Amino acid sequence: MANAVLPAQVPSPLLAILHRSPLRLERQNGLVLLFGHPAVFRLGLCVATDRALAGDSVLYLDGANVFDPFLIGRLARAGGAAPNAVLGRIHVSRAFTCHQMARLVTERLAGALRTYRARLIILSGPLETFYDEAVPYQEVAGLLHRILATLRHFAHLGHRLLCLSPVPPPEAKGRDTLLKTLSAQANRLIWVEATEAGVSLREIGASAPRSWGISRVVWESL
Amino acid sequence: MRPACLPTRLRGWLLDAYADRAGMAVWLLDEDNRRVRLLDPFRPTFYLAGPRHALDAVLRALPRRGCPLTTRWVERHELGSPDPVPVLEVAVHQPSRFPTLVRRLLQQCDQVQFYHVDVPLPQRYFYERGLFPLARCEVEVTVDGTIRAIHAVDSPWDTGYATPPLTILELSLEGRVSNPNHGGVCNLIVRVEGEERCLEGDDGAELVARLNQLLHRHDPDVILTDWGDSYILPRLLTLASRVRLPLALNRDADRPVGMQAPRSYFSYGRILANAGARTLYGRLHVDRQNSFVMAETGFPGLIEQARVTKVPLQHMARTTTGTGITAMQLETAHHDGILIPYRKREPEEFKSALELLHTDQGGLVYAPVLGYHENVGELDFASMYPSIMTRFNISPETVNCSCCAHDPAARVPEIGHHTCRHRTGLVPRTLIPLLSKRAQYKRLLAATADPMTRQVLDQRQTALKWLLVVSFGYLGYKNARFGRIEAHESVTAYSREILLQAKETAEHRGFRLLHAIVDSLWVHKPGATRGDYEALARAIAARTTLPIMVEGIYRWIGFLPSRVDPRMPVPNQFVGMFETGESKIRGLEIRRADAPLIVKKAQAEVLRSLSQAQTVVELRAHVTHALEIIRAYRHYLQSGRASLEDLIIAKSISREPQAYRHQTMTAIAARELLRHGVRLQPGETIHYVMTDAAAPLAEDRVRAVATLDGAWSYDARAYETLLLKSARVILAPLGLNPTDLDDLTNPGSSRA
Amino acid sequence: MGRTLTTFTQLVWQEIESLRRYRRALRQEDQQALDTLFAAARRHSSAGAYLARETPFEIMLLSMLIEQQKQLVALTRKVADLETRVPADPPARVAS
């Protein structure tokens with residue numbers, strides 16, 4: 001019976017699935033890492049929309065150049081909200097180099113959290129800029145170290161952090177350890193896979209292993 | 001090369017400069033036609049900022065033994081901040097040790113900010129001394145060749161400069177069109193001072209000895225090659241070491257030949273290959289096949305770019321135009337006491353997703369009105385983006401400055417940014433002289449009749465045009481030192497506003513907008529005269545405050561349909577005939593590097609025939625003749641007489657040969673080369689012919705040109721299809737459907 | 001550095017792609033009509049991009065209507081033109 005009220009609250013079947021998963025990010029989850037298939041980016045945008053629909057301010061740090069306001073617009077409309085209001089609650093900054101990404105996290109994030117009174121931080125493809133061979137590995141590793149220290153600090157202060165990271169591209173030769181370093185810092189790890197049936201999410205390393213599925217029909221209706 | 005006793009004053013041209021142990025080695029081509037190596041005891045500096053303890057740690061880490069350094073505290077500015085900051089200046093007494101020293105510190109000290117560390121030393125030297133490549137200089141020297149004082153007597157902004165009397169030795173491969181690294185053997189051709197020799201490679205020792213002989217006898221200043229970077233020089237050097245003979249390529253005998261590995265990189269969404277580099281000391285090596293600027297603007301253009309950017313000639317020849325414009329910005333910064341940060345760190349300011357929707361846009365492109373039109377005027381904004389940057393003061397430090405937030409005149413249209421009204425930005429300051437020098441060249445060009453002089457002037461102005469073209473991209477480019485996304489967004493926002501103003505002005509005066517691309521408009525009004533179009537240009541210039549010119553009036557112009565969907569027009573794809581009888585063609589096979597020569601020839605002939613038409617009605621009358629041309633070419637193809645040169649298709653490979661997932665012709669040819677042991681890098685161009693395009697076995701469909709032997713034949717049908725496609729795009733808007741085109745040009749058909 | 005946002009032309013392609021099943025089930029002549037409508041949408045990409053709305057489908061519909069309206073005007077003009085050329089002939093006689 002309690003379920004009967006659910007459809008009115010949730011904007012779409014997809015967001016309903018997210019609500020049942022750790023991506024709801026309601027409790028003190030610390031740093032959640034969504035990794036695996038590039039579908040992580042889309043899922044991240046869904047989470048951003050979901051929180052913005054609930055009236056929250058969201059910070060979206062884009063290192064992968066994948067931000068998509070049109071998807072958010074569609075989801076917002078499906079959720080019965082004015083797209084502009086939802087888009088206005090999501091604040092974006094793009095980084096095109098690892099140095100920019102590092103500066104964004106370590107020097108700009110605190111101010112933005114205050115300005116926009118945001119509680120949710122989404123880091124989209126934080127490592128994508130770190131695979132650039134033009135920057136020596138040692139330098140890159142140092143930057144990542146500083147980013148992670150800052151993220152730990154914000155998680156400690158009670159901010160919700162969601163990291164979206166696809167598996168490293170083949171060009172990332174020898175830098176796949178960066179993802180391991182990142183995942184070692186995460187409080188919850190969710191592996192994302194895309195199959196014929198749709199997209200599946202599986203929590204790794206939890207005491208009770210859990211998984212969630214999004215059917216292809218729902219996923220493609222986005 | 002160093003005369004025992006030198007006069008104290010020398011005049012001449014600066015040929016080369018590079019870091020040496022005790023300073024910068026400087027090569028001068030003096031007035032007595034001597035090549036002199038001098039030494040300037042120049043000490044390059046870099047700067048450090050950070051917490052005191054971190055700087056102390058750096059000071060302790062600085063290796064002083066064997067490499068003397070001087071440090072002192074100075075004040076410098078960060079770009080855009082009004083207050084100076086104290087920084088530690090480190091002067092390195094041995095310039096040749098500078099790069100290693102800096103690399104080590106960068107790895108060791110991560111809490112310190114580094115400035116001025118990665119500006120190439122010859123450029124730093126040029127900035128400090130007011131010099132530039134091939135400058136005419138006056139030098140005061142001591143008897144041992146040490147420079148006491150050096151200064152340029154001409155300016156990089158001169159338009160009437162003389163170039164030094166350079167001796168050029170050319171190296172090329174006999175009868176070679178495609179990349180020699182893809183296979184085949186050929187002889188070395190040497191051209192110098194009007195003589196040409198063919199050196200056969202049978203006896204390695206003799207070849208090296210003969211080349212040495214020529215190098216000693218002529219002592220060339222420039223070695224100009226085709227495929228020198230990737231093929232000739234590497235092979236000559238290997239050969240010389242095998243036969244144990246030194247090869248005198250370098251003028252500076254103490255130096256080995258400089259070497260850089262090949263690499264692939266992305267530029268404007270395309271992958272490009274750089275074939276690596278073999279560079280010389282005291283002498284300049286330029287590979288025509290590995291130089292964008294040489295291909296676009298020739299040697300005069302290369303010299304022009306090296307002079308204004310102060311990037312050494314050998315580097316300018318091989319690097320991107322973007323490196324050139326960045327170098328110019330670095331110089332502006334250096335002169336103003338602005339610190340040049342190591343790696344760009346400034347990220348985008350947070351903006352709402354709604355704002356992003358409006359700011360993340362490019363220039364406006366109006367799809368053309370399909371078909372042929374008469375009496376059309378093309379109006380072009382001159383260097384629109386650079387003009388916007390200088391006119392509206394757009395620069396990383398001027399966008400969203402703290403002083404002009406409430407000034408309505410500072411507001412960027414539509415997107416909520418503003419630019420500074422008080423201080424001229426670094427980017428405009430760099431661009432203003434460039435824009436004015438190009439305008440000067442264009443004025444000179446208009447007033448010059450001599451074809452040789454005209455060609456040089458045109459190459460020089462084109463070289464500057466390229467620098468201006470990329471200056472915009474480098475406002476947003478990820479590696480641009482002084483780039484910023486908000487500056488990039490401001491430029492495109494202004495460009496959209498300005499194009500809309502131009503459209504409105506034209507429509508207000510009764511013109512119809514047929515096509516527009518960012519900074520060009522094609523407009524039409526029945527009965528309009530040249531005077532009317534000129535008046536329109538003046539009206540647009542008055543409203544937008546940006547210079548706009550009538551590029552020309554077309555007797556007729558055809559905006560041609562998409563090859564995939566004939567309903568769709570394609571931007572910047574047209575064929576037009578100016579009143580003057582000249583034509584302008586965009587997007588057709590004839591302008592494409594990958595189309596086979598036979599297709600280009602046929603298309604050129606069709607266009608020549610059409611060009612006789614004065615009106616669109618006359619154009620229709622010329623269709624029959626066009627069909628005859630295509631028919632003749634098809635007949636020629638079917639007869640099997642087409643030559644290899646006619647049939648070669650050149651394609652750039654977008655990935656490693658193994659990484660292709662589909663059996664495209666390019667993939668098949670690339671893999672064939674790979675099987676022959678050829679190493680290919682993404683961005684490289686390969687050449688192939690279609691042998692049996694529909695063959696079930698992929699390897700039979702195409703053959704790489706480099707591996708062709710005596711026995712091969714081409715697929716006439718496949719080439720005919722290309723031919724028909726190239727004709728269809730031009731003739732379809734004149735009412736010819738594809739089936740008719742095929743039937744009417746088929747040599748065997750009764751309808752023809 | 002590439003742009004982040006999908007261009008308007010790409011958005012039209014996405015829309016077409018999302019209607020793939022719909023298009024497939026249409027008769028061929030109706031598919032052609034549908035393609036013509038979307039070609040009209042692409043023709044006004046610059047105006048669509050300049051507006052920069054987060055739900056671009058409405059703008060595509062408007063672009064289709066613009067092209068239809070232009071055709072309507074052109075056809076009306078043609079009919080009027082034909083009517084002046086064929087003065088006062090009773091319809092029955094024209095038909096015979």
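Every chain is numbered from 1, with letters handed out A, B, ... down the list of sequences. Just so it is clear, the structure is predicted and the values come from calculations on it, not from any experiment.
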Among L5(C), T4(C), T6(C), whose side-chain contact (heavy atoms from CB on, under 4.5 Å) with P69(A) holds? L5(C)
If you round to the nearest 0.5 Å, how far is CZ of R20(C) from CD of E220(A)?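 Nearest 0.5 Å value for the CD-CZ distance: 7.0 Å.
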Spacing of F70(A) atom CZ and R53(C) atom CZ [to the nearest 0.5 Å]: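 The CZ atom of F70(A) sits 12.0 Å away from the CZ atom of R53(C).
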Are the side chains of E54(C) and N84(A) in contact, using a 4.5 Å heavy-atom criterion?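 Sidechains of E54(C) and N84(A): in contact.
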When you look at OH of Y22(C), are more than 12 heavy atoms from neighbouring residues, nucleotides or ligands closer to it than 6.0 Å? no
Would you call E15(C) and R74(A) a salt bridge, taking side-chain N to carboxylate O under 4.0 Å as the test?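 Salt bridge between E15(C) and R74(A), a charged N being under 4.0 Å from a carboxylate O: no.
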Which atom of T55(C) lies closest to which atom of P83(A), heavy atoms considered: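 Result for this residue pair: CG2-CG, 4.5 Å.
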